[in-house]
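For reference, the structure discussed in these notes is given below.
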Amino acid sequence: MDKIKTIFVGTPEFSTHYLNAIINDGRFDVVAVITQSDKPSGRKHEIIQSPVKKIALEKDFKIFQPERLKADINIASELKTLKADLMIVVAYGQIIPKEILEVARYGAINVHPSLLPKYRGASPVQSAILNGEEKTGVTIMLMDEKMDHGPILSQVERKLSEEETNDILHEKLADLSTDLLISSAIKFINGEIKPIEQDHDQATFCRIINKEDAKVDWNKSAQEIKRKIYAFHPWPGTWTMLDGKRIKIFPPTKILKQKNIKKSPGQIIINNNELIVACGEDFLKLDRLQLEGKKEMNADDFLRGYEDLNGKILA
RNA sequence: CGCGGGGUAGAGCAGUUGGCAGCUCGGCGGGCCCAUAACCCGCAGGUCGUGGGUUCGAGUCCCACCCCCGCAA
């Protein structure tokens, strides 16, 4: 059997797990890679290449980096000349127009890290943690014009614990589903899978995360705040303000229930060398912090250098 | 040339107008105690990021460079 001529579309680290799996499997021939354009990034505004691009360069794949895929009319015809069998899309970061989705003979397959039709959209993993879901998973599906809307080829589930962070969960979901992507793609091409239409009435959506989402509202319950800290780790990183300075909060944190103490939300309590903050409901013990300009550190290190914290208010 | 904070003992920090380098924690030794991460006594541990300059004298002032970090993108 000939190798499956594949166009891979993706951008961040998460995508690279799948690209590597496809490369290592041996039954696929990557004829092109589409990834986001290089952008000035970091402290000195250096030009940064996407993780997917780095692999593509290493393997000497043909690379496309349109500024806006929608606006680039020529790219569809150029892709067609590759006579690809399949397009595989993992976290590209742009809407892909219909003409592009149709350049490969068998169409486009998407990997989406949620149990579709739940959590369509830009932040499925973060949202599942934020909402305290008991389980999430990964869906392999065919793409159509609507976002995360196409018929499902396969799914895999994973239980969630209260201690799951966004970065680790992404990795675990990838580990869990790279094989599934490959087997599903091959079965689909061989006509061994019948795609199943999603139950669109059950669909839920999650929007892209912005920086304002990452600020702590201490009026919320300790549980809600804890989930945010885990869901937004390491990016964008949950933060609050202390004495006019930004301070980031990292996992782990622990919820403390103490009914007889009354403090205003955001108030710091130093007890037994532990850093505890009053929330709208219950209390949160913070273990790891980072003051702007400083490195991330343990709470007891932080307390050592920052005297008279007791009673101060985080906002 | 995007904006900003920082580099001082193993860790976290302080160091006033330039004048003997400190604090808390940790480490080591000893003491107290039924006992302890508690308490008491003692000890060790620093080329103050690097190089140059000013000065009788620089952690501190001037110049250059290296490294870490927050914002923004």
Side-chain angles (χ1 to χ4, degrees), chain A residues 10-16 34-54 57 63-72 91-95 121-123 126 165-167 170 207-218 225-226 228-254 256 258 266-277 283-315:
Chain A
T11 301
E13 217 271 332
F14 182 68
S15 312
T16 64
I34 306 178
T35 190
Q36 294 264 43
S37 56
D38 301 346
K39 285 172 185 161
S41 174
R43 220 160 266 133
K44 285 169 192 162
H45 280 189
E46 287 159 333
I47 302 294
I48 299 295
Q49 301 171 338
S50 81
V52 165
K53 183 179 180 182
K54 284 180 184 161
L57 286 173
I63 299 170
F64 293 87
Q65 295 185 278
E67 201 61 46
R68 293 192 65 227
L69 197 51
K70 258 182 177 173
D72 200 325
Y92 171 51
Q94 285 192 42
I95 304 286
S123 56
Q126 293 91 331
T165 58
N166 177 42
D167 54 343
H170 262 102
R207 58 187 180 78
I208 195 161
I209 289 167
N210 64 45
K211 316 229 165 173
E212 206 44 40
D213 296 327
K215 184 171 183 179
V216 177
D217 176 358
W218 294 103
I225 294 168
K226 174 177 175 171
K228 176 176 282 193
I229 291 165
Y230 284 64
F232 290 176
H233 179 75
W235 193 90
T238 312
W239 57 279
T240 186
M241 298 295 285
L242 170 64
D243 288 344
K245 284 185 181 165
R246 180 184 287 244
I247 179 165
K248 282 190 175 183
I249 302 169
F250 298 94
T253 67
K254 193 177 174 190
L256 303 177
Q258 279 155 13
Q267 188 159 22
I268 295 171
I269 304 157
I270 309 295
N271 182 29
N272 224 354
N273 218 27
E274 291 184 335
L275 176 49
I276 296 163
V277 185
F283 298 81
L284 213 50
K285 173 165 108 56
L286 308 183
D287 277 11
R288 294 192 66 78
L289 309 163
Q290 182 178 25
L291 200 56
E292 63 179 62
K294 300 289 187 180
K295 286 187 182 174
E296 179 184 348
M297 65 182 80
N298 292 321
D300 52 346
D301 283 336
F302 183 79
L303 293 176
R304 212 159 284 135
Y306 209 123
E307 288 302 324
D308 48 274
L309 262 182
N310 205 358
K312 285 201 176 180
I313 307 283
L314 297 171

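Residue numbers start from 1 in every chain, and the chains themselves are labelled A, B, ... in the order their sequence lines are given, proteins ahead of strands.
For the P atom pair drawn from B/C32 and B/C40, the interatomic distance equals 15 Å after rounding to whole Å. Distance check on atom P: B/G12 versus B/G7 gives 11 Å, rounded to whole Å. With P as the reference atom, B/C43 and B/A58 are 29 Å apart, rounded to whole Å. Taking the P atoms as reference points, B/G27 lies 15 Å from B/A11, given to the whole Å. Spacing between B/U54 and B/C63 at atom C1', rounded to whole Å, works out to 11 Å. Rounded to a whole angstrom, the distance from the C1' atom of B/G4 to that of B/G10 is 30 Å. Nucleotides B/A21 and B/U47 place their P atoms 14 Å apart, quoted to the nearest Å. A gap of 16 Å separates the P atoms of B/C67 and B/G51, to the nearest Å.
Partner assigned to B/C65 is B/G49, using Watson-Crick or G-U wobble distances below 3.5 angstrom. Pairing for B/G2 is with B/C71, a Watson-Crick or G-U wobble pair whose two hydrogen-bonding atom distances lie under 3.5 Å. Of the nucleotides present, B/U24 is the one that pairs with B/A11 by Watson-Crick or G-U wobble criteria, both distances under 3.5 Å. Across all strands shown, nothing is found opposite B/A37 as a Watson-Crick or G-U wobble partner with both distances under 3.5 Å.
Considering only residues two or more places apart in sequence or on other chains, A/Gln267 meets the side chain to side chain donor-acceptor pair (under 3.5 Å) condition with A/Ser264. With sequence neighbours excluded, the residues satisfying side chain to side chain donor-acceptor pair (under 3.5 Å) with A/Trp218 are A/Thr240. Partners of A/Lys285 according to the salt bridge (Lys or Arg N to Asp or Glu O under 4.0 Å) rule, which considers only residues two or more places apart in sequence or in another chain, are A/Asp287. Every residue meeting the salt bridge (Lys or Arg N to Asp or Glu O under 4.0 Å) condition with A/Asp213, not counting sequence neighbours, appears here in chain and number order: A/Arg207. With sequence neighbours excluded, no residue forms a ring-ring contact (aromatic ring centres under 6.0 Å, His included) with A/Tyr92. With sequence neighbours left out, the salt bridge (Lys or Arg N to Asp or Glu O under 4.0 Å) criterion links A/Glu296 to A/Arg288. Residues passing the salt bridge (Lys or Arg N to Asp or Glu O under 4.0 Å) test with A/Asp38, sequence neighbours excluded: A/Lys53.
The nearest whole Å value for the distance from the CG atom in A/Asp308 to the P atom in B/C13 is 15 Å. Look at CZ on A/Phe302: it is 12 Å from P on B/A14, rounded to the nearest Å. The distance from atom CD1 of A/Ile47 to atom P of B/G2 is 11 Å, rounded to the nearest whole Å. The CG-P distance, from A/Asp287 to B/A11, rounds to 21 Å in whole Å. One can place CD1 of A/Ile247 at 14 Å from C1' of B/G5, the figure rounded to the nearest angstrom. A straight line from OH of A/Tyr306 to C1' of B/A14 spans 14 Å, rounded to a whole angstrom.
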### Task
Determine, step by step, whether A/Val277 and A/Ile249 satisfy the side chain to side chain contact (heavy atoms under 4.5 Å, CB included) criterion, reporting the C-alpha distance in whole Å, the side-chain angles of both residues, the deciding distance to 0.1 Å, and the verdict.
CA-CA 12 Å; A/Val277 185; A/Ile249 302 169; over 6 Å; no
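Judged as a salt bridge (charged side-chain N to carboxylate O under 4.0 Å, His left out), not a single pair has a partner in residues 43-52 of chain A (not counting sequence neighbours). Within the structure, the salt bridge (charged side-chain N to carboxylate O under 4.0 Å, His left out) test picks out the following pairs touching residues 234-245 of chain A (sequence neighbours left out): A/Asp243-A/Lys312.
No side-chain heavy atom of A/His233 sits less than 4.5 Å from a side-chain heavy atom of A/Thr238. Counting heavy atoms from C-beta on, the side chains of A/Asn210 and A/Pro236 never come closer than 4.5 Å. By the 4.5 Å heavy-atom criterion applied to side chains, A/Phe302 and A/Ile247 are counted as neighbours.
Across residues 288-299 of chain A, A/Gln290, A/Glu292, A/Gly293, A/Lys294, A/Lys295, A/Met297 each have a non-hydrogen atom less than 4.0 Å from an atom of RNA chain B (numbered order).
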Enumerate all atom pairs, one protein N or O and one N or O from nucleotides 71-73 of chain B, separated by less than 3.5 Å.
from: B/A72; atom 1: OP2; to: A/Lys211; atom 2: NZ; distance (Å): 3.2
from: B/A72; atom 1: N1; to: A/Gly42; atom 2: O; distance (Å): 3.0
from: B/A73; atom 1: N1; to: A/Ser41; atom 2: OG; distance (Å): 3.4

### Message
Does the protein touch nucleotides 22-27 of chain B at the base, only the backbone, or not at all? Give it as B, S and - per nucleotide, heavy atoms under 4.0 Å.
### Response
--BS--
